[in-house]
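Some notes on the structure that comes next.
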Amino acid sequence: GAGVSQSPRYKVAKRGQDVALRCDPISGHVSLFWYQQALGQGPEFLTYFQNEAQLDKSGLPSDRFFAERPEGSVSTLKIQRTQQEDSAVYLCASSLARTSGIYEQFFGPGTRLTVL
Amino acid sequence: AQSVSQHNHHVILSEAASLELGCNYSYGGTVNLFWYVQYPGQHLQLLLKYFSGDPLVKGIKGFEAEFIKSKFSFNLRKPSVQWSDTAEYFCAVIFMDTGRRALTFGSGTRLQVQP
């Protein structure tokens, strides 16, 4: 597709449920990022992949959060045993690998997760 | 830790007024600087970016930003706003010398333009 796509767009989960959020990056984009955006705040970094390698996961808030990108394209962010504080919009972004030192990221529409 | 600050949380302007949104970051090394915009119901879109060279950067829709290294600032400007500029604006920085390639965002500024 022309842009980054994410599914589902909305997800409601009961506390304690596991959820899986999907990201389809722009074709050919090597780098993929996940961000979490709480209401009224700017996005905050969660994790970063270059191809299938997870190079940075320093932003994951707990071991309940897990991300994968097994074939270097589609990525899934999984949250186990969801808590109310996990309610947020989860954004995916992709970029070409280093191009003249430029790391412009293109964002998807996000998945709004509500944990009841 | 590196951080990004946006001073104005909510700005209300009339059409044709001039706009300046502040952005500061706390870091003395090499940076890549961005302004993103999020229109109601839409995803984040890049307005403009700065990597090197001329510190005055022009973006889409008549926006521009100036990088002042000595002030660690990258303020966004537009000489005359339109109702369609109503949106949330985010300043974002990549702190290059850290080796991290993730964006660090400010908390955003909600701009409301009244017709």
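None of the values given here were measured: they were computed from a predicted structure. In the text below, chain A, chain B and the rest are named by the order of the sequence lines, each starting its count at 1.
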* Structure fact -> Tightest non-hydrogen contact, residues B:Arg101 and A:Gln105, listed as O-NE2, 3.1 Å

* To do: Measure across A:Gln37 and B:Phe90 and return the closest heavy-atom pair with its distance rounded to 0.1 Å.
  => NE2-CZ, 3.4 Å

What about [X] and [Y], same hydrophobic cluster or not, with Ile/Leu/Val/Met/Phe/Trp/Tyr joined at side-chain heavy-atom distances under 4.5 Å?
X	Y	value
A:Phe33	B:Met96	yes
A:Ile79	A:Phe49	yes
A:Leu21	A:Tyr48	no
B:Val93	A:Leu46	no
A:Leu32	B:Leu46	no

Counting only heavy atoms from other residues, nucleotides and ligands, does the tally under 6.0 Å from [atom1] of [X] exceed 12?
X	atom1	value
B:Tyr39	OH	yes
A:Glu44	CD	no
A:Arg15	CZ	no
B:Gln42	CD	yes
A:Leu39	CG	no

* Hey, are the side chains of A:Phe45 and B:Phe105 touching, using non-hydrogen atoms and a 4.5 Å cut-off? -> no

* Find the one option among A:Gly42, A:Ala93, A:Gly59, A:Gly40 whose heavy-atom pairs under 4.5 Å with chain B are most numerous. => A:Gly42

* Contact winner vs chain B - A:Asp56, A:Val89, A:Val4, heavy-atom pairs under 4.5 Å -> A:Asp56

* Structure fact -> Filtered by a 4.5 Å non-hydrogen cutoff, the part of residues 61-70 of chain A contacting chain B is none

* Give me the contact list for residues 106-116 of chain A versus chain B, heavy atoms only, anything under 4.5 Å, ordered by residue number. => A:Phe107, A:Gly108, A:Pro109

* **Contact origin within A:Leu91 toward chain B - heavy atom pairs under 4.5 Å** => side chain

* Asked: Side chain, backbone, both or neither: which part of A:Ser58 has an atom under 4.5 Å from a heavy atom of chain B?
  -> side chain

* **Heavy-atom pair count under 4.5 Å with chain A, highest-scoring of B:Gly108, B:Ala102, B:Cys91** => B:Ala102

* To do: Start with the C-alpha gap between B:Leu103 and A:Tyr35, add the side-chain angles, then the distance that decides, and say whether side chain to side chain contact (heavy atoms under 4.5 Å, CB included) holds.
  => CA-CA 9 Å; B:Leu103 291 161; A:Tyr35 295 86; 3.4 Å; yes

